[in-house]
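Supplied in structure tokens, the structure appears directly below.
In each ligand, atom 1 is the first atom listed, and ligand 1 is the first ligand listed.
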Amino acid sequence: MGELAAEKHVQYILSVEKRKDDLISVAMEHLRMNGAYWGLTTLDLLGKLETVDVDEVVSWVMECQHESGGYGGNIGHDPHILYTLSAVQILALFDKLNVLDVEKVTNYIAQLQNQDGSFSGDIWGEVDTRFSYIALCCLSILHRLDKINVEKAVSYIVSCKNLDGGFGSTPGGESHAGQIFCCVGALAITGSLHHIDKDLLGWWLCERQVKSGGLNGRPEKLPDVCYSWWVLSSLIMIDRVHWINKEKLVKFILDCQDTENGGISDRPDDAVDVYHTYFGVAGLSHLEYPGLKAIDPAYALPVDVVNRIFFAR
Ligand SMILES: CN(C(=O)[C@H](Cc1cnc[nH]1)NC(=O)OCc1ccccc1)[C@@H](Cc1ccccc1)C(=O)N[C@@H](Cc1c[nH]c2ccccc12)C(=O)NO
Ligand SMILES: [Zn+2]
């Protein structure tokens, strides 16, 4: 079982942030904005955000902004709603939302809403409930929900609800834990959780826990640490988290650590990456693991950061 090798994970994340040109970095270069959000939020949950040069990160984030107002995954990359949320979340972590041209970012996102209330990810038009969550989460952080049609955004999400109580990426799409997180998170942010049958969805979600204690994303799939976030956050938002065995899930996550070099993998003995390190630590935070800051299940940011956004003087 062991315990969380917190210091090792801090060193692992700082080492990944530093390296730029090795194979993995180049392969993930287009996701660097997401990678930065994962790494920095993990450091904050571990109480080590101050080890980072704020100005260096903030200036890099702002260099990734496209003239349209949206953010790309790295400097010179095309803007996409995926990276725009990560950029806003990073600035919120550092309490630097004041450097943003809020109206420009708001306008970029508002223009991605379609007639049916859904959202596209960028100008090429792909529609996915993931993008509804991202738009609503981002505009809520910026206090600009009034700039889109929230009512139609909510009705589109509800149109993606399945008979099993779950949600898919588009109407009729198969229920998947990642999509469920996005739809439940979007409904929570807009105060619309009454559209959810909490017992039916809670049952589908708690059935994700397998013998090993890990959670999978769909029936019959293998458990994966990142579902500790997608499934657990959803269960917490609908008040059904007591339906899973927390101790066994903590053990599964801890068994996925590389206690030598730091980092957490998707399942025991696989290669670690920043993505699973983040979702593993965030999952442990949800399970009240000692020494970790609390994380908000809907905004995917530390609770003290969310409080500062919504209750600042
Ligand atoms: C592109 N990604 C994925 O497709 C991962 C792959 C994976 C990891 N373990 C199992 N599969 N899957 C994934 O992100 O699924 C999350 C999801 C959530 C909602 C709907 C669909 C999928 C990963 C990168 C990756 C690829 C391969 C291995 C490890 C990480 C990725 O960048 N995911 C992004 C997708 C995303 C960006 N913003 C979001 C907001 C809400 C939900 C998801 C995202 C992410 O989760 N950011 O926080
Ligand atoms: Zn995973």
Side-chain angles (χ1 to χ4, degrees), residues 16 23-42 45 70-74 77 79-90 93 109 112 118-119 121-122 126-141 157 160 166-170 173-189 205 208 210 214-218 221-234 237 252-253 256 263-268 270-283 295-301:
V16 169
L23 186 66
I24 298 171
S25 302
V26 171
M28 301 292 260
E29 190 204 338
H30 69 290
L31 290 170
R32 196 166 174 77
M33 190 63 79
N34 283 346
Y37 156 72
W38 303 324
L40 294 167
T41 310
T42 305
L45 293 176
Y71 286 77
N74 210 327
H77 288 223
H80 194 285
I81 204 166
L82 285 172
Y83 310 115
T84 304
L85 173 60
S86 292
V88 167
Q89 288 172 311
I90 290 168
L93 273 179
I109 293 173
L112 289 171
S118 67
F119 281 85
D122 61 14
E126 181 199 3
V127 169
D128 183 317
T129 44
R130 204 176 5 155
F131 307 145
S132 299
Y133 163 77
I134 292 173
L136 292 164
C137 182
C138 208
L139 293 180
S140 173
I141 291 170
I157 288 165
C160 296
F167 294 84
S169 58
T170 51
E174 182 198 8
S175 291
H176 167 294
Q179 307 295 357
I180 288 170
F181 163 80
C182 289
C183 295
V184 173
L187 295 178
I189 287 169
L205 288 167
R208 299 300 113 251
V210 298
L215 302 173
N216 64 23
R218 280 179 292 173
K221 294 284 180 184
L222 286 175
D224 176 338
V225 153
C226 70
Y227 289 105
S228 309
W229 170 263
W230 310 117
V231 173
L232 213 45
S233 297
S234 303
M237 287 188 275
F252 176 80
I253 299 173
C256 292
I264 298 175
S265 60
D266 58 352
R267 50 187 70 95
D270 267 6
V272 304
D273 61 41
V274 179
Y275 173 93
H276 288 99
T277 302
Y278 163 60
F279 286 109
V281 170
I295 189 163
D296 182 283
Y299 289 95
L301 283 169

Check: Trp230 N/O within less than 3.5 Å of ligand 1 N/O: no

Query - Side-chain donor-acceptor contact under 3.5 Å, Asp128 with Ser169 - result: no

shortest atom 18 (C) of ligand 1-to-protein heavy-atom contact is with Gly178 CA, 3.6 Å

query = What is the closest protein heavy atom to atom 26 (C) of ligand 1, and at what distance does it sit?
reply =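 Here the closest protein heavy atom is Met28 CE, 4.7 Å.
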
Next on the checklist: Protein non-hydrogen atoms only, distance under 4.0 Å: does atom 9 (N) of ligand 1 have such a neighbour?
Outcome noted: yes

Answer yes if a protein heavy atom lies under 4.0 Å from atom 3 (C) of ligand 1, otherwise answer no.
no

Next on the checklist: Taking the ring centre of each residue, are Tyr83 and His30 less than 6.0 Å apart?
Outcome noted: no

Note: Asp224, heavy atoms under 4.0 Å from ligand 1, region reported as side chain

*asked:* Tell me whether atom 16 (C) of ligand 1 lies less than 4.0 Å from at least one protein heavy-atom position.
replied: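 So atom 16 (C) of ligand 1 has protein heavy-atom neighbours under 4.0 Å.
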
>> Let me check your reading of the structure: within less than 2.8 Å of the Zn ion (ligand 2), is there an N/O/S atom from Asp266?
In response: no

Does the side-chain contact (heavy atoms from CB on, under 4.5 Å) test come out yes or no for Arg130 and Ile81, once each step is laid out? CA-CA 10 Å; Arg130 204 176 5 155; Ile81 204 166; over 6 Å; no

Quick note on ligand 1: atoms under 4.0 Å from a heavy atom of Asn34 include exactly 32 (O), 37 (C)

I'd like to know if the side chain of Thr129 and the backbone of Gly168 have a donor-acceptor N/O pair within less than 3.5 Å.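 Indeed, once roles are kept as given, a pair shorter than 3.5 Å links the two residues.
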
With nothing but distance in play, are any N or O atoms of Tyr227 less than 3.5 Å from an N or O of ligand 1?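 By distance alone, the answer is no.
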
For this session: Please write down residue, atom name and distance for the protein heavy atom closest to atom 21 (C) of ligand 1.
Result: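 Result: Gln179 NE2, 3.6 Å.
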
Please determine, by modelled atom types, if Asn74 and His77 share a side-chain donor-acceptor pair under 3.5 angstrom.
->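 Asn74 vs His77: no donor-acceptor pair found between side chains.
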
Q. Is the Trp38 ring parallel, tilted or perpendicular to the Tyr275 ring (thresholds 30°, 60°)?
A. perpendicular

Quick one: pull up CD1 in Ile180 and OG in Ser234 and give me the separation to the nearest 0.5 Å.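 That separation rounds to 6.5 Å.
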
(Q) Among all the protein's non-hydrogen atoms, which is closest to atom 22 (C) of ligand 1, and how far away is it? (A)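 Protein heavy atom with the smallest distance to atom 22 (C) of ligand 1: His176 CE1, 4.1 Å.
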
message = Minimum heavy-atom separation for Leu112 and Gly121, please, with both atom names.
response =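 Smallest interatomic distance, heavy atoms only, reads CD1-O, 3.9 Å.
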
One residue to check: Cys182. Relative to ligand 1, which of side chain, backbone, both or neither has a non-hydrogen atom less than 4.0 Å away?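 For Cys182, only side-chain atoms sit under 4.0 Å from ligand 1.
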
Please round to the nearest 0.5 Å and tell me the distance separating atom OH of Tyr37 and atom CG of Leu93.
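CG of Leu93 is found 8.0 Å from OH of Tyr37.
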
Please check if a non-hydrogen protein atom sits closer than 4.0 Å to atom 32 (O) of ligand 1.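 There is a protein heavy atom less than 4.0 Å from atom 32 (O) of ligand 1.
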
Item to complete: Measure up the Phe131 and His80 rings against each other and bin them: parallel (under 30°), tilted (30 to 60°), perpendicular (over 60°).
Response: perpendicular

* Between Leu187 and Ile157, is a side-chain contact (heavy atoms from CB on, under 4.5 Å) present by the stated rule, with each step listed? -> CA-CA 8 Å; Leu187 295 178; Ile157 288 165; 4.1 Å; yes

### Task
Could you check whether the rings of Tyr278 and Trp229 sit parallel, tilted or perpendicular, using 30° and 60° as the cut-offs?
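If you compare the ring of Tyr278 with that of Trp229, the planes turn out tilted.
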
- Item | Identity and distance of the protein heavy atom lying nearest atom 1 (C) of ligand 1 |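 Looking at atom 1 (C) of ligand 1, the protein heavy atom closest to it is Leu31 CD2, 4.8 Å.
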
### Task
Report the nearest protein non-hydrogen atom to atom 14 (O) of ligand 1: residue, atom name, distance rounded to 0.1 Å.
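Nearest protein contact, heavy atoms only, for atom 14 (O) of ligand 1 is Tyr275 OH, 3.1 Å.
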
Side chains of Phe279 and Asp224, heavy atoms from C-beta outward: is any pair under 4.5 Å?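 Of all side-chain heavy-atom pairs linking Asp224 with Phe279, none is under 4.5 Å.
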
closest protein heavy atom to atom 48 (O) of ligand 1 is Trp38 NE1, 2.9 Å

Among the N/O/S atoms of His276, the Zn ion (ligand 2) lies closest to NE2

message: Just to be sure I read this right, does ligand 1 sit under 4.0 Å from the backbone of Ile134, its side chain, both, or neither, counting only heavy atoms?
response: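 The answer is the side chain of Ile134.
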
How far is atom 35 (C) of ligand 1 from its nearest protein heavy atom, and which residue and atom is that?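 Atom 35 (C) of ligand 1 sits closest to the protein heavy atom Arg130 NH1, 3.7 Å.
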
Quick note on ligand 1: atoms under 4.0 Å from a heavy atom of His276 include exactly 8 (C), 9 (N)

Item checked: Close-contact set for ligand 1 against Leu82 heavy atoms, below 4.0 Å ->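 Answer, ordered by atom number: 36 (C), 37 (C), 38 (N).
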
